[in-house]
There are 2 protein chains.
Amino acid sequence: MRIGELSRRTGVAVPTIKYYVREGLLPAGRLTSPNQADYDETHERRLRLVRGLIEVGGLSVSAVREVLAAVEDTDRPVHKVLGSAHESLTPPHAVGGAELAGAREAVAALVARRGWQTAPDGAAGEALAGALATLRGLGHGGFEEVLDAYADACERIATADLTYVGRAPDVERLVEGVVVGTVIGDAVLSAMRRLAHTDASARRYGAADD
Amino acid sequence: MRIGELSRRTGVAVPTIKYYVREGLLPAGRLTSPNQADYDETHERRLRLVRGLIEVGGLSVSAVREVLAAVEDTDRPVHKVLGSAHESLTPPHAVGGAELAGAREAVAALVARRGWQTAPDGAAGEALAGALATLRGLGHGGFEEVLDAYADACERIATADLTYVGRAPDVERLVEGVVVGTVIGDAVLSAMRRLAHTDASARRYGAADD
DNA sequence: CCATCATAGATAGTCCCACTATCAGATAGC
DNA sequence: GCTATCTGATAGTGGGACTATCTATGATGG
């Protein structure tokens, strides 16, 4: 198909598609003449993925580029690819402050307590420590008391995610599943948590009138 | 204290503080003379909250303004205040597409199935529907099979959140707890989910070497 | 009392990001 | 031939979050 149809099918403007090609988010079409290029379903699929990551996942263009780079090289061992895809999916949280050291300890303690086989000083652990440090700085350090309930929930979710993702027919789909599951899954989880909040709050504070 | 000390204590640059005052995120200091104003701990607390919402929560300045407006008027019934705080915390997801209708039905079915007392067409429900529609468009509609595992986890988390937040000494703290819990809690949950993923993935795909 | 410093308030500027517009030259398809 | 569409390139736009500069004024310390 030509770029116009690709645009029509995905709802992405033609100049935007060209922009994504320039930015390396999308491979260029196969040139059939100096001013005609052919795009196929892989382009369409990739373009939908890019839009999903940007719109629903809230990723920046450069973050998408990094993630896709990890998806790309399927030569490396699977868990390495997953790992780097995962790392680049975790936004860097440059949160400083006096509380950070204590928060890091809390993270390490949590990881040890749960017996998680993961490095507490990776991107995810740092992000968690940053969030906890912020909570402490806001006088909400007591929030950490419910951390184990969160951990229970996360174990449950991770198991469900793996179950879904494990059904992938090949490595490429597997990695794509991880990316989608992580990014869009975050959005799903966040939205659903709000629904559950509303429900729990309605039960507790009795909003029977509306 | 004067603006310089407020800046030193919070690590926020003086012009940025002024900018926040202009934008209505922070009340102005009490003028003691035409060119001197006095700031107290409430300013410091608010400023830390603003920074947390922006840095860790990833909220925009205008989103912070909306949220704070909801926090502000504590005259209204508690559950209304919580509701509007909550609504303004949910980013609008303008995801269109053919899949949206089906995704909305899936959300409604989920809400009915779980017996949640919440409107499936509120901001959170729409966000969830948008995410599900995106998944469908990416060929990951099968993800919806694990939705109930997510729902289990969310119920657990919501209960924990309510437990924490219910300890607030007054209405203002309660609402602030909801805001912080929702926004920073999202970051906590997202980071922790990644940790759990790494663990689950290590167990499954055996990354004993690193 | 005077030099130096910090401050309020106002306005303008900067930087980055994600697009979007406009062109020139070249087909595609009728 | 004629018109719609395309490639590839460059320049421009609009929004967001600060940041710099300036003036007039007052605080502070020797």
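Order of the sequence lines fixes the chain letters, A, B, ..., with proteins taken first and strands second; residue numbering starts at 1 for each chain. Worth knowing before you read on, the calculation uses all heavy atoms, side chains too, and leaves out hydrogens, waters and symmetry mates.
For residues 95-106 of chain B, every residue pair satisfying the side-chain hydrogen bond (donor to acceptor under 3.5 Å, both in side chains) rule, not counting sequence neighbours, is listed here: B/Arg104-B/Glu126.
With rounding to whole Å, A/Glu55 atom CD is found 13 Å from C/dC19 atom C1'. Counting to the nearest Å, the P atom of C/dC19 and the CD atom of A/Glu23 are 10 Å from each other. In this structure, CZ of B/Arg8 is placed 13 Å from C1' of C/dT7, rounded to the nearest angstrom. A/Leu59 places its CG atom 14 Å from the P atom of C/dC17, with the value rounded to the nearest Å. Per the geometry, CG belonging to B/Leu25 stands 13 Å off P belonging to D/dG16, to the nearest Å. Atom OH in B/Tyr19 sits about 15 Å away from atom C1' in D/dA20, given to the nearest Å. One atom, CG of A/Leu47, and another, P of C/dC19, lie 11 Å apart when rounded to the nearest Å. B/Glu5 has its CD atom 13 Å from the P atom of C/dA8, to the nearest Å.
Heavy-atom distances to DNA chain D give each of B/Arg51 and B/Gln36 a nearest nucleotide, and the one nearer the 5′ end belongs to B/Arg51.
Closest approach to the B/Ser33 side chain among C/dA18, D/dT7, D/dA27 is made by D/dA27 (side chain taken as heavy atoms from C-beta onward). The side chain of A/Arg2 has D/dT5 as its nearest neighbour among C/dA18, D/dC18, D/dT5.
A salt bridge links B/Arg9 and B/Glu5; the closest N-O separation between the charged side-chain nitrogens and carboxylate oxygens is under 4.0 Å. Between B/Arg2 and B/Asp38 there is no salt bridge, since no side-chain N of the basic residue sits under 4.0 Å from a carboxylate O of the acidic one. Between A/Asp161 and A/Arg156, no side-chain nitrogen of the basic residue sits less than 4.0 Å from a carboxylate oxygen of the acidic one, so the salt-bridge criterion is not met. Taking 4.0 Å as the cut-off between side-chain N and carboxylate O, A/Glu176 and A/Arg46 do not count as a salt-bridged pair. Salt bridge annotation for B/Arg193-A/Glu155: absent, with no cationic side-chain nitrogen under 4.0 angstrom from a carboxylate oxygen.
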Between the protein and nucleotides 8-10 of chain D, which nitrogen or oxygen pairs come in under 3.5 angstrom?
| residue | atom | partner | partner atom | Å |
| --- | --- | --- | --- | --- |
| D/dG8 | N7 | A/Lys18 | NZ | 3.1 |

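The base of C/dA26 is paired with the side chain of A/Asn35 by a donor and an acceptor separated by under 3.5 Å.
In A/Glu72, the CD atom is crowded: over 12 heavy atoms of neighbouring residues, nucleotides or ligands sit closer than 6.0 Å.
Distances shown here put every side-chain N or O of A/Ser62 at or beyond 4.0 Å from the OP1 or OP2 atom of C/dC17. The phosphate of D/dA17 (OP1 or OP2) has no side-chain N or O of B/Thr16 nearer than 4.0 angstrom. Applying the 4.0 Å criterion to OP1 and OP2 of C/dA18, one finds that A/Tyr20 has every side-chain N and O outside that range.
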